[in-house]
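Remember, predicted model here, so these are calculated numbers, not experimental data. Here, residue 1 is the first one in the sequence, and each next residue gets the next number.
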Amino acid sequence: MRYVSTRDSGLKLSASEAIVMGLSRDGGLFIPESIPALEQGAIEKLCKMSYQDRAVYVMKMYLDEFSEDELKAFTTAGYGPNKYDVPEVAPMYKLDDKTGILELWHGPTCAFKDMALQMLPYLLTASLQKTGETKTVCILVATSGDTGKAALEGFCDVDKTKILVFYPKNGVSDIQELQMVTQSGDNVGVCAVYGNFDDAQTGVKRIFSDEDIREKLERDGFFLSSANSINWGRVLPQIVYYVSAYCDCINNGTIKNGEELNVCVPTGNFGNILAGYFAKLMGVPIGRFICASNSNNVLTDFINTGVYDKNRQFYTTTSPSMDILVSSNLERLLYSLTADSDVVKGWMNELNSVGKYEVSEAVKTAVQAEFSGGFCSDDEAAEAIAKLKNENNYLMDTHTAVAYKVLEDYRIATGDDRPCVVVSTASPFKFCESVLNALGVTEIRPGCDVIDQLSEVSGVKAPLPLLTLKDKKVRFTDVVEKAGMDDAVLNMILN
């Protein structure tokens, strides 16, 4: 299988080459030339497997350079009991006969990014060997909250790697920030940026395309790669949990094999929901993709109008991991629908130069055939948290609440009563203050004491990785302007 750039389909790499490079030098994202199809009877077979074995089965279809034994070793290590606090890895909570909640936050950083970032270091280090790369890889990450910690945890003290994470100052939750700035490891760095996530993400992409920086690093034996979802090695492991969720819904009696299942995904950079779309292209009977946004509803407007316009007010919300106006992975969807890298490159150039683009009528129709978009306010998300806790004794975080509320609205508006899985992307204890406020608590304890407070109020036990934060010391305090990101990268890597 070969991988092409969304901005140059003539550039074709192996999977290991694409994973090592991360982002194409032309600014495009790597995508498989074609999506492999599940063989007849595959879902029935997968229903009887563990999550780890499902992961091997699915990823092997995209990674023909990797043996099954390699992938088994990776999944055993990445999804084992020393990393995940439940044997199911990605358990399905059956809320009612029509609604399941796919809990993707049982890993070491209590967010769904662990599902990919516990796998990426193994894929990357093996890819370095397969490509004969001898230089040290420097991972650059822009985070809206969860990717940063998950990447730091995944690459901590991994040989021949360094990792530097940029996050928006005052743009993540207190717990998210504390998770990052207390990270252990000799090869890690963390730096805040004055601005929002889009500023940090734009800065990282610019650094990737800067030939002078690349040359300076290469002279000293380093090269750049990414752990953001712009790296195919991030998207691939996420396909697995949509396949797995379908199997679990068969196993728990929600659907029968072959029946369609909707999914509702809280969406920021579009990588999570895109993985579900690829699962459908493989043959998983997913009916509708419900793309749930907060007040930064650029994706809702795009799905409804075909116009992507980032020229709008940016909102800092209680669901900060979705506070994004430039959804990078949408580029992969556009290429998948057009198979025309010149057209996609033109749209991305328009986005960069004027902040907007409009797709053709055919592409808009194709998007609307698969996706519905909706959004909700912070107040509506808070009401959803309180409602589900009071009526079902289920505690969810702010991002999951956005998806739950948007699903409710979608069902009322469309009458679509197919079973649906709500993708739950983070532990509620990563957003303690917002969840407590939703439950009617206004006096919030300072620092990490808020974790105990939410546990006492909700009757829910906090995850161990968050409980131990109070014992950790802050290591990283740097804050830079957007223009200072270049120097921060060079200083961290070369000094």
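- With respect to K113 and D146, no salt bridge is recorded, no charged nitrogen being found less than 4.0 Å from a carboxylate O.
- Within 6.0 Å of the NZ atom in K94, the count of heavy atoms belonging to other residues, nucleotides or ligands exceeds 12.
- Each of S5, S209, S341 was checked for a side chain to side chain donor-acceptor pair (under 3.5 Å) with D26, and the lone residue meeting it is S5.
- To the nearest 0.5 Å, atom CD1 of residue I290 and atom CZ of residue R411 are 7.5 Å apart.
- Side chain of H399 to backbone of S321: a donor-acceptor contact under 3.5 angstrom is found.
- Ion pairing between E260 and R288 fails under the 4.0 Å rule for side-chain N and carboxylate O.
- Pairing each heavy atom of I303 with each of C291, the nearest pair is CD1-CB, 3.7 Å.
- Residue D301 forms a salt bridge (charged side-chain N to carboxylate O under 4.0 Å, His left out) with just one option from R312, K356, K364, and that option is R312.
- In this structure, R7 pairs ionically with E331, as a charged nitrogen and a carboxylate oxygen lie closer than 4.0 Å.
- Remark: the T109 side chain and the D114 side chain contain an N/O donor-acceptor pair separated by less than 3.5 Å.
- Counting heavy atoms from C-beta on, the side chains of V421 and C249 come closer than 4.5 Å.
- Considering all non-hydrogen atoms of both residues, F429 and S458 come closest at CZ-OG, 4.4 Å.
- With values rounded to the nearest 0.5 angstrom, I101 atom CD1 is found 10.0 Å from L407 atom CG.
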task = Begin with the C-alpha distance, continue with both residues' side-chain angles, and end with the deciding distance and a verdict on side-chain hydrogen bond (donor to acceptor under 3.5 Å, both in side chains) for N231 and R234.
result = CA-CA 5 Å; N231 191 316; R234 269 283 309 277; over 6 Å; no

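- Between Y3 and the choices Y62, W232, Y335, F30, the ring-ring contact (aromatic ring centres under 6.0 Å, His included) rule is met once, by W232.
- Ion pairing between a basic and an acidic side chain is recognised when a charged N comes within 4.0 Å of a carboxylate O; D212 and K216 show no such pairing.
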ask   = Stepwise, does the side chain to side chain contact (heavy atoms under 4.5 Å, CB included) test hold for Y242 with N272?
value = CA-CA 10 Å; Y242 288 96; N272 196 355; 2.9 Å; yes

ask   = Going through the checks in order, is the side-chain hydrogen bond (donor to acceptor under 3.5 Å, both in side chains) test met by Y241 and D248?
value = CA-CA 10 Å; Y241 54 70; D248 288 343; over 6 Å; no

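- Side chain to side chain, Y357 and N352 fail the donor-acceptor criterion of an N or O pair below 3.5 Å.
- No donor-acceptor pair closer than 3.5 Å links the side chain of N297 to the backbone N or O of S293.
- With F166 as the fixed residue, the side chain to side chain contact (heavy atoms under 4.5 Å, CB included) test singles out one of V489, T143, V190: V489.
- With contacts defined as side-chain heavy-atom distances shorter than 4.5 Å, the pair Y277/V265 does not qualify.
- Within the 4.5 Å cutoff, the side chain of V460 has no heavy atoms near those of the P428 side chain.
- Atoms CG and NZ, on N196 and K482 in that order, are 7.5 Å from each other to the nearest 0.5 Å.
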request  = Start with the C-alpha gap between C156 and Q183, add the side-chain angles, then the distance that decides, and say whether side chain to side chain contact (heavy atoms under 4.5 Å, CB included) holds.
outcome  = CA-CA 8 Å; C156 174; Q183 176 65 47; 3.8 Å; yes

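- Within the model, atoms CD of Q201 and OG of S328 stand 3.5 Å from one another, a figure rounded to the nearest 0.5 Å.
- Separation of atoms CG (L217) and CD1 (I207) is listed at 9.5 Å; rounding is to 0.5 Å.
- In summary, the aromatic rings of Y308 and W347 are positioned with their centroids too far apart to meet the 6.0 Å limit.
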query = Going through the checks in order, is the salt bridge (charged side-chain N to carboxylate O under 4.0 Å, His left out) test met by R214 and D210?
reply = CA-CA 6 Å; R214 288 211 306 269; D210 190 309; over 6 Å; no

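- Remark: K12 NZ is loosely packed, at most 12 non-hydrogen atoms of other residues, nucleotides or ligands lying under 6.0 Å away.
- Side-chain contact check for S226 versus L140: every heavy-atom pair is 4.5 Å or farther apart.
- Counting heavy atoms from C-beta on, the side chains of M282 and V58 come closer than 4.5 Å.
- Residues P465 and P108 approach most closely at CB-O, 3.2 Å, considering heavy atoms.
- The distance between the ring centers of F371 and F270 falls below 6.0 angstrom.
- Between T338 and S360 there is no side-chain heavy-atom pair separated by less than 4.5 Å.
- Annotation: K205, atom NZ; neighbour count of heavy atoms from other residues, nucleotides and ligands within 6.0 Å is above 12.
- Annotation: side chain of F431 is not in contact with side chain of I175 (no heavy-atom distance under 4.5 Å).
- Across T317 and D323, no two heavy atoms sit closer than the pair OG1-OD1, 2.7 Å.
- A 4.5 Å side-chain heavy-atom check between I385 and L439 finds at least one atom pair inside the cut-off.
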task = Start with the C-alpha gap between E177 and K169, add the side-chain angles, then the distance that decides, and say whether side chain to side chain contact (heavy atoms under 4.5 Å, CB included) holds.
result = CA-CA 9 Å; E177 183 174 41; K169 186 62 178 174; 3.1 Å; yes

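- The shortest non-hydrogen separation linking I19 to S225 is O-OG, 3.6 Å.
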inquiry  = Using the rule given for side-chain hydrogen bond (donor to acceptor under 3.5 Å, both in side chains), can you reason through Y410 versus D416, listing the C-alpha separation, both sets of side-chain angles and the distance that settles it, and then say yes or no?
reply    = CA-CA 8 Å; Y410 168 82; D416 185 349; 2.6 Å; yes

inquiry  = The test is side chain to side chain contact (heavy atoms under 4.5 Å, CB included); show your working for S372 and T414 and say whether it passes.
reply    = CA-CA 10 Å; S372 294; T414 65; 5.7 Å; no

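- A salt bridge between K149 and E153 is present, with a side-chain N of the basic residue lying under 4.0 Å from a carboxylate O of the acidic one.
- Taking NZ from K387 and OH from Y404, the interatomic distance works out to 4.5 Å, rounded to the nearest 0.5 Å.
- Counting all heavy atoms, side chain and backbone alike, G276 lies closest to I286 at O-CD1, 3.6 Å.
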